[in-house]
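Positions are given from 1, in the same order as the sequence printed here.
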Amino acid sequence: MKRLAILGSTGSIGRQALDLVARHTDRFAVEALVAGENLDLLSNQIRQFHPHLVSVRRESDARILRSAFGSGLRVLSGEEGAVEIAVESNADLVLSAIVGAAGLKPTYAALRKGRDVALANKESLVIAGELMTREAQKSGAKILPVDSEHSAIFQSLQAGRYEEVSRLILTASGGPFFTRSRDSMATVTVEEALKHPNWTMGSKITIDSATLMNKGLEVIEARWLFGFSVGQIDVQIHPQSIIHSMVEYKDGSVIAQMGMPDMRCAISYALAHPERIESGVERLDLSRIGSLTFFPPDLEKFPCLKLAFEAGRKGGAAPAVLNAANEIAVGRFLKGEIGFLKIAQLVETALEKQGDGDLRSLEELVQIDRSARELTETLQ
């Protein structure tokens with residue numbers, strides 16, 4: 001029986017992970033849940049999965065849960081509560097699925113403690129890849145990728161040795177605006193941007209997919225997950241989202257991982273690793289799909305991807321500024337404060353103003369993150 005701590009249990013990844021737990025109650029037990037403000041859903045999860053520990057964002061919500069569930073459930077709150085669960089729970093595996101930089105400290109704490117982490121919070125490696133991987137190496141903790149693209153690379157790398165790899169190829173659906181002109185994207189609405197053609201995800205990552213920033217963040221994440229340089233990582237637009245990513249070897253062989261666009265496939269692989277389990281995912285029928293197509297990304301049309309490649313090559317503070325500025329810019333777009341094309345412009349300005357410098361500690365990273373967010377909130 002594998003005991004799980006799920007950080008971000010009410011989000012898209014957390015809900016799908018719990019769907020898998022419900023399918024395999026003989027394999028998994030839920031030790032702890034961390035959520036934000038969706039108390040109704042969290043309460044239902046507590047009743048169904050009976051965790052010993054729970055943490056929510058606000059102390060006022062924690063008091064509501066303590067009153068509802070009594071002394072049999074320990075309820076924590078805030079960032080400190082999430083960190084305590086990552087470190088002090090009896091979990092064998094921590095699923096890090098809190099969206100954005102909020103997942104950074106709990107993920108770092110879990111790796112320092114030596115806990116294996118199933119990583120869906122890509123920002124942890126984007127902004128602190130060197131720190132995270134260093135702590136994992138020191139403690140012996142494993143980082144198991146949950147993103148479908150990184151899970152595909154992880155699986156495809158088993159076909160050969162690392163020194164035999166020529167390049168990693170991340171695929172991208174292209175999002176909802178792949179066929180639209182750049183000029184027409186100036187009038188994109190929030191509703192249009194949230195209509196992803198293939199995947200069902202949270203609002204922030206859906207907007208990132210529309211700008212292709214999500215793919216840029218994945219490039220940086222792959223650099224730290226697998227130990228290859230940014231120059232060895234390519235991106236291909238693949239509108240069908242059937243090939244989730246590929247590894248090219250020195251002999252010219254290309255190993256691809258395929259499947260329907262359903263996150264439960266990648267989540268199940270991380271939760272059950274090194275085994276495979278029934279995931280509930282629809283079976284792939286290539287004859288019904290008919291064709292698989294690929295296109296190079298247009299970096300002028302989707303400048304967020306270009307900015308991410310540049311920040312990944314530069315390293316230091318640049319990826320942290322990129323991520324922080326993007327989170328704020330996407331939030332402002334979702335609130336209707338800025339237009340769609342303005343997202344990339346704000347990120348580029350933040351990088352120009354604050355993207356230089358080294359990154360030596362978690363405390364320094366937190367300060368860089370905060371400063372970039374404050375700057376991006378003020379940019380016009």
Quiz item: Does the pair Glu337/Arg332 count as a salt bridge with the N-to-O cut at 4.0 Å?
Solution: yes

Quiz item: Considering only heavy atoms from C-beta outward, does the side chain of Thr376 approach that of Arg373 to under 4.5 Å?
Solution: no

Self-check item: Distance-minimising heavy-atom pair for Ala17 and Ile6
Solution: CB-CD1, 4.4 Å

Practice problem: Spell out, as yes or no, whether a donor-acceptor pair under 3.5 Å connects the side chain of Lys353 to the backbone of Glu348. | Solution: no

Quiz item: Under a single-linkage definition using a 4.5 Å side-chain heavy-atom cutoff for Ile, Leu, Val, Met, Phe, Trp and Tyr, are Val83 and Met132 assigned to the same hydrophobic cluster?
Solution: no

Quiz item: Are more than 12 heavy atoms from other residues, nucleotides or ligands located less than 6.0 Å from atom NZ of Lys301?
Solution: yes

Quiz item: Under the side chain to side chain contact (heavy atoms under 4.5 Å, CB included) criterion, do Val117 and Thr107 qualify, and how do the steps go?
Solution: CA-CA 7 Å; Val117 171; Thr107 304; 4.2 Å; yes

Quiz item: Same hydrophobic cluster for Leu379 and Ile207, using side-chain heavy-atom links shorter than 4.5 Å among ILVMFWY?
Solution: yes

Self-check item: Which residues share a side-chain contact (heavy atoms from CB on, under 4.5 Å) with Thr378, sequence neighbours left out
Solution: Leu375

Quiz item: Considering residues at least two apart in sequence or located in another chain, which fulfil the salt bridge (charged side-chain N to carboxylate O under 4.0 Å, His left out) criterion with Lys204?
Solution: Glu123, Asp208

Quiz item: Should Leu39 and Leu41 be counted in the same cluster of Ile, Leu, Val, Met, Phe, Trp and Tyr side chains packed under 4.5 Å apart?
Solution: no

Quiz item: What class does the angle between the rings of His238 and Phe294 fall in, given that below 30° is parallel, 30 to 60° is tilted and above 60° is perpendicular?
Solution: parallel

Practice problem: Please answer whether the main-chain N or O of Glu80 pairs with a side-chain N or O of Lys105 as donor and acceptor at a distance below 3.5 Å. | Solution: no

Quiz item: Side chains of Gln16 and Ser12: do they bring a donor and an acceptor to under 3.5 Å?
Solution: yes

Quiz item: Is the shortest side-chain N to carboxylate O distance from Glu79 to Arg57 below 4.0 Å?
Solution: no

Quiz item: If Ile, Leu, Val, Met, Phe, Trp and Tyr residues are connected whenever their side-chain heavy atoms lie under 4.5 Å apart, and connections chain through other members, are Ile328 and Val366 in the same group?
Solution: no

Exercise. Taking the six-membered ring for Trp and the single ring otherwise, decide whether the centroids of Phe177 and Phe302 are under 6.0 Å apart.
Key: no

Quiz item: Do Glu327 and Arg370 sit within salt-bridge range, that is, some charged N less than 4.0 Å from a carboxylate O?
Solution: no

Quiz item: Hey, is the main chain of Gly280 close enough, under 3.5 Å, to the side chain of Glu278 for a donor-acceptor pair?
Solution: yes

Quiz prompt | Pairwise ring pair (Phe, Tyr, Trp, His ring centres under 6.0 Å) hits with a residue in residues 137-172, at least two apart | solution = Phe154-His273, Tyr162-Phe228

Quiz item: How about Ser279 and Ser268: does a side-chain donor come under 3.5 Å of a side-chain acceptor?
Solution: no

Self-check item: Any side-chain donor near an acceptor of the partner, Ser184 and Ser181, under 3.5 Å
Solution: yes

Quiz item: Checking Gln354 side chain against Ala372 main chain: does a donor-acceptor pair fall under 3.5 Å?
Solution: yes

Exercise. Check for a donor-acceptor pair, side chain of Arg3 on one end and backbone N or O of Asn90 on the other, with a separation under 3.5 Å.
Key: yes

Self-check item: Heavy-atom pair of closest approach, residues Glu300 and Arg182
Solution: O-CD, 3.7 Å

Quiz item: Counting only heavy atoms not in Arg112, do more than 12 sit closer than 6.0 Å to its CZ atom?
Solution: no

Practice problem: State whether Lys215 and Glu218 are salt-bridged, where the test is any N-O pair (Lys NZ or Arg NE/NH1/NH2 against Asp/Glu carboxylate O) under 4.0 Å. | Solution: yes

Quiz item: Roughly how far, to the nearest 0.5 Å, is CD1 of Ile233 from CD1 of Ile153?
Solution: 8.5 Å

Quiz item: So if you build clusters from Ile, Leu, Val, Met, Phe, Trp, Tyr with side-chain heavy-atom gaps below 4.5 Å, do Leu341 and Ile343 land together?
Solution: yes

Practice problem: Return the minimal non-hydrogen interatomic distance between Ser173 and Ser241, and the atom names on each side. | Solution: CB-OG, 3.3 Å

Quiz item: Side chain of Tyr249, backbone of Ser166: donor and acceptor closer than 3.5 Å?
Solution: no

Quiz item: Looking only at heavy atoms, which two atoms of Ala308 and Met213 are closest? And how far apart?
Solution: CB-SD, 4.3 Å

Self-check item: Which residues share a side-chain contact (heavy atoms from CB on, under 4.5 Å) with Ala5, sequence neighbours left out
Solution: Ala32, Ile85, Ser89, Ala91, Val94

Quiz item: Which residue pairs pass the ring pair (Phe, Tyr, Trp, His ring centres under 6.0 Å) test with at least one member in residues 21-55, sequence neighbours excluded?
Solution: none

Quiz prompt | Lys/Arg N to Asp/Glu carboxylate O, Glu88 vs Lys113, below 4.0 Å | solution = no

Quiz item: Is any side-chain N of the basic residue among Glu31 and Arg74 closer than 4.0 Å to the acidic one's carboxylate O?
Solution: no

Quiz prompt | Set of residues satisfying salt bridge (charged side-chain N to carboxylate O under 4.0 Å, His left out) with respect to Arg66, sequence neighbours excluded | solution = Glu59

Quiz item: What residue among Ile255, Leu168, Thr171 forms side-chain contact (heavy atoms from CB on, under 4.5 Å) with Met246?
Solution: Thr171

Quiz item: Minimum heavy-atom separation for Val235 to Pro297, with atom names?
Solution: O-CD, 3.3 Å

Quiz item: Does the pair Ser151 and Gln155 meet the rule for a side-chain hydrogen bond (donor to acceptor under 3.5 Å, both in side chains), with working shown?
Solution: CA-CA 6 Å; Ser151 178; Gln155 295 177 58; 3.0 Å; yes

Self-check item: Heavy atoms from other residues, nucleotides or ligands near CD of Glu130 exceed 12 (cutoff 6.0 Å)
Solution: no

Exercise. For the residue pair Ile220 and Leu125, establish whether any side-chain heavy-atom pair is separated by less than 4.5 Å.
Key: no

Quiz item: Do the side chain of Ser371 and the main chain of Gln367 share a donor and acceptor less than 3.5 angstrom apart?
Solution: no

Practice problem: Measure the shortest side-chain to side-chain distance between Leu65 and Val56 over non-hydrogen atoms and say whether it is less than 4.5 angstrom. | Solution: yes

Quiz item: Taking it one step at a time, do Arg23 and Ile277 satisfy side chain to side chain contact (heavy atoms under 4.5 Å, CB included)?
Solution: CA-CA 10 Å; Arg23 292 171 182 271; Ile277 59 174; over 6 Å; no

Practice problem: Mark yes when over 12 heavy atoms from residues, nucleotides or ligands other than Arg288 sit less than 6.0 Å from its CZ; otherwise mark no. | Solution: yes

Quiz item: Without hydrogens or angle criteria, can the side chains of Ser124 and Asn121 be said to hold a donor-acceptor pair below 3.5 Å?
Solution: yes

Practice problem: List the steps, then state whether side chain to side chain contact (heavy atoms under 4.5 Å, CB included) holds for Val54 with Leu42. | Solution: CA-CA 9 Å; Val54 166; Leu42 177 60; 3.8 Å; yes

Exercise. Scan side-chain atoms only and decide if Gln45 and Thr10 contain a donor-acceptor pair under the 3.5 Å cut-off.
Key: no

Quiz item: Is Ser139 reaching over with its side chain to a backbone N or O of Leu111, donor-acceptor style, under 3.5 angstrom?
Solution: yes

Self-check item: Nearest-0.5 Å distance, CG of residue Asp298 to CG of residue Leu305
Solution: 10.0 Å

Practice problem: Take Asp19 and Arg264 through the test side chain to side chain contact (heavy atoms under 4.5 Å, CB included) and record every step on the way to the result. | Solution: CA-CA 9 Å; Asp19 174 76; Arg264 288 177 298 174; 3.3 Å; yes

Quiz prompt | Salt-bridge criterion met for Asp92 and Arg115 (N-O under 4.0 Å) | solution = no

Quiz item: Going by atom types only, do Asn323 and Lys122 share a side-chain donor-acceptor pair under 3.5 Å?
Solution: no

Exercise. Identify the two heavy atoms, one from Ser156 and one from Gln257, that lie closest to each other, and give their separation to 0.1 Å.
Key: OG-N, 3.7 Å

Quiz item: Is a side-chain N or O of Glu164 found less than 3.5 angstrom from the main chain of Arg161, in a donor-acceptor match?
Solution: yes

